[in-house]
Amino acid sequence: MFQDEELIQEFTVESRAHLASLESLLLEIEGAGDDFDMELVNTVFRAVHSVKGAAGFLGFTAINSLAHSLENVLNLVRNRKLRPTPEIVNLLLNASDQLRDLVENVKDSNQRDIGAWVEELDAISLEEPQREIAFTPINVSQSPAEPTDSKVVRSQDGRVEQPSVQVRSKPSDTSIRVHVAVLDQLMNLAGELVLSRNQLLSAVAAKEREGLEAIAGRVDLVTSELQETIMQTRMQPIGVVFGRFPRVVRDLSRKLGKQCNLVIEGDDVEVDKTIVEALGDPLTHLVRNSVDHGIEMPECREQHGKAAEGQVRLRAFHQAGKVCIRIEDDGGGIDPARLKTKAVEKGIIDTETAFSMSDTEALRLIFAPGFSTASQITDVSGRGVGMDVVRTNIEQLGGTVDVESVLGSGTAIHITLPLTLAIVPSMIVACSGERYAIPQANIAELVRVTPADRELRIGNLHGAEVLRLRGTLLPLIRLRNALGFESTTGSNPRQGHSNILVIETGQLRYAIEVDAIHDNEEIVVKPLGKHIRDLGYVAGATILGDGYVALILDLVGIALHCNLRAVDMQDRTSGSESVVNEEVHRMLFFKNHPMEAFAVPMAMVARIERIRREEVKTVGDQHILVYRGHSLPILRVEQHLRAMPPCEPSEFEYVIVFRVQDREVGLIAPVLGDIRDIHMRIDSTTLREPGVLGSLVVDGETTRVLDLVELVRIKHPTWGVEYQARQSESRTTPPTVMLAEDSDFFRSHVTRTLESEGFRVISASDGMDAWERMQSVFQEIDVLITDIEMPRMNGLELAQAIRSSPSTASLPIIALTSLASDEDRKRGSRVGINEYQVKMDPNTLVEAVRRLSGAIS
Amino acid sequence: MNSTQTPYVTFRCGDSLFGIDIGCVQEINRCLSLTSIPLAPPFVRGVANLRGDVVTMLDLRILMEQPRVESNIHQRSLILHSDGETFGLWVDSVSDIVEIDSDDIVSPPSNIEPSVARLVLGVYSHDSRLILLLDPDALFATTVSLER
């Protein structure tokens, strides 16, 4: 059979368009019940009729006869001789699926056996006069139209078995429909480009320099516009994917005996064709999940005071240059505790991890490989495709997926996708003289390690290099080594700083060192030739602004190449031996002069106020801010420390308000920075001065950490004395405190604080040291203050030892730690710790010592 | 006997003269700036930007088991097609275009290196010089399979 290829192609495209609308129309007809809109039926009829006509003309007999039978049944409905009951609509839907299947495989459609379908449809149209009166659903339930197990029924009948929907397995379309307006614009732009080229050529020929700039500007403009417009031709409304879900939800809820309504919003949001094509499977899975696991049975919903009909909302919208898709249901929600139990049972996490996991983290367990939430695997959602596959699919598209859930009221899955895959925002890095592109989506952060910091930040564990980052250890790969270049000398070859990127790819998190970090560039991905396509560490290539080719690194490939296993990638928490001292502290950063950065521990900060500059009054040599009916003493960094004043006074300033002893004091912070968790690896010598605890390097910037208590003492030396006088009225002998702390910095800081309050302090360098010293002097000790993370014997072990020895069992214990979550507290109180103090709030610590030592009556 | 004259591009690599059917050659370029590919097979000299396409450059010297040379101004790259892909062949220098009668092509002598023989269609004697005629498809296929 000779056929014009183009004609067939046209037929397929056209029929596909006709049939695509069929499903939603039929569902609408069904939904309306007896008073359905006749116009809808007419539309369906016309669509089927067009397909039939064209198929007949081209000689596709199978399509023609199936469409004909379908048309007959529709005609009955049209003439009100047949009621569109759910059963009838079901049959029509399945028949139209079959029709679509034939259209998709148009070339061999004539070889398909569609006899069963034609028979089924004809049976209805022929025996209609009777059926109109005595319609029995039993009749139809045996028909191939039943969605649940139609295949089985048919094969039992000995009829030819045919899968009902094959559309999804077909390879992605190679042609695309483009709006004429877009095409016109492309033509215009191409014309512009030709014009600019001519100008450029003549300018170059005439060797005139002046005109060149203007032409270059023009070329620049036209090119970027051209690129944008070409990208537009790739954009398709996401509704193409969403369109199939009303049917999915309808069929599934019927099958499960649930009542479920699907609301679709934003189906006109446009995304790249490749994304639209790749979204089908993961979204189908998520929508099915919402119906299957999310929405409860009607009775159950009513018991919980909800409407019997559940709702699944599918929303697409643009946000911050990305496309977001949310699948929300108002079902039962996910129980994080149950997830944890499941995950532990399945060996995905250990009990310890489960214990310290927050609810949000627990919810994300559903994306872990090998995790299925349904206690029984249903044939609906548990078909071997888990949420981990969904996550992998989405991540392959350069997107992310997250889950939110409120137990009892519903679950939302949130997907974020890039607008297009063809252009990838990337970071250009250099290694061994070549440049490489790393997709920004994979970069969590950039870390710059100065030579001074290198010892501290880069560790070596049995030959494996690790980066210490905020209390976690990340495997460190040197790109130079990974790519097989000889590393120059030793392990720290270079004198300058190290440029490190923290990479996040799904489950892998690691650090990679490169020679230099250049710039961000929006790169266009180009395929690589056969010889180098499968090298493993390259994902493709791109052409940089200067015309050179740069390889795009495949970061998962590099990790595999370097034998990083997923297990290595998991963050090591600060509990492990190697990161003792690497305690995380929340610091507030600010700048006085733009060149000078300062930080104060957040624990000290009561609040931050924004004030007008002129609100600060000068009284004598004091600065005072009158607010809330009080006068607040104000400190300025440059007046008490070796620091430059802020360069340009602005109208507004921030005041960091903190408490020292029983007074409030404000510190002017002209430019506020971040609040960040950082390691307290403080250099307490170089920049030490009264009022400054020491310095640390944050993002390559030396930051001075202020000692607010000391700062106040410099300014108001009499306060401390007055305060002690006030306090000493209520106490007789000064209490003695034993302090177990392994960090020299904290030990001296806490000792100083306590001694300034009049306490006697016996310090010990770790738990073991404290335990040994205690044996001789325990009678003198009123309170023990202990750090938790310490080498040899940690705070918990120390507390346990103390509680189990009769002589010391009643000693009050204060744990001083940088992390005090509820879990920590629970663990602490189990071993007998009386109180938890977060490092480092001197006031509450002193107060606690006083309270526990009985110094306050 | 009908004999056909076909133009061949001839080029040098080491001491030998090679030829390729001009119909297989898309273009001949001066040294394109190459980006080297770490961990790639040795005969991959790098990739180049050929008007927006990224093209793999094969080094004929390495394929002919001769020592690699640094880039110089005489070198040229022949852009060829095979198996739906465009690739480049990096040669020492390009010589003449020679009309070769298909009847005058003889099969390569048996003492030629097997690794080289696989890439050679035949030998043609031209003004007392021998030209090894290369098969572009074999070049491409062999190198892909060599890598495996």
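Here is how names work: the chains are called A, B, and so on, in the same order as the sequence lines, proteins then strands, and each is numbered from 1.
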Item to check | Asp15(B) atom CG, neighbour heavy-atom count above 12 within 6.0 Å | outcome: no

Checklist entry - Should we say atom CZ of Arg448(A) is surrounded by more than 12 heavy atoms from elsewhere, each under 6.0 Å from it? => result no

Next on the checklist: Out of the candidates Val47(B), Leu39(B), Val54(B), only one should pair with Ile532(A) under the side chain to side chain contact (heavy atoms under 4.5 Å, CB included) rule; please name it.
Outcome noted: Val47(B)

Hey, is the main chain of [Y] close enough, under 3.5 Å, to the side chain of [X] for a donor-acceptor pair?
X	Y	answer
Asn49(B)	Gly547(A)	yes
Thr56(B)	His531(A)	no
Tyr537(A)	Pro38(B)	yes
Glu434(A)	Thr35(B)	no

Next on the checklist: Quick check on Ile543(A) against chain B: is it the side chain, the backbone, both or neither that has a heavy atom closer than 4.5 Å?
Outcome noted: side chain

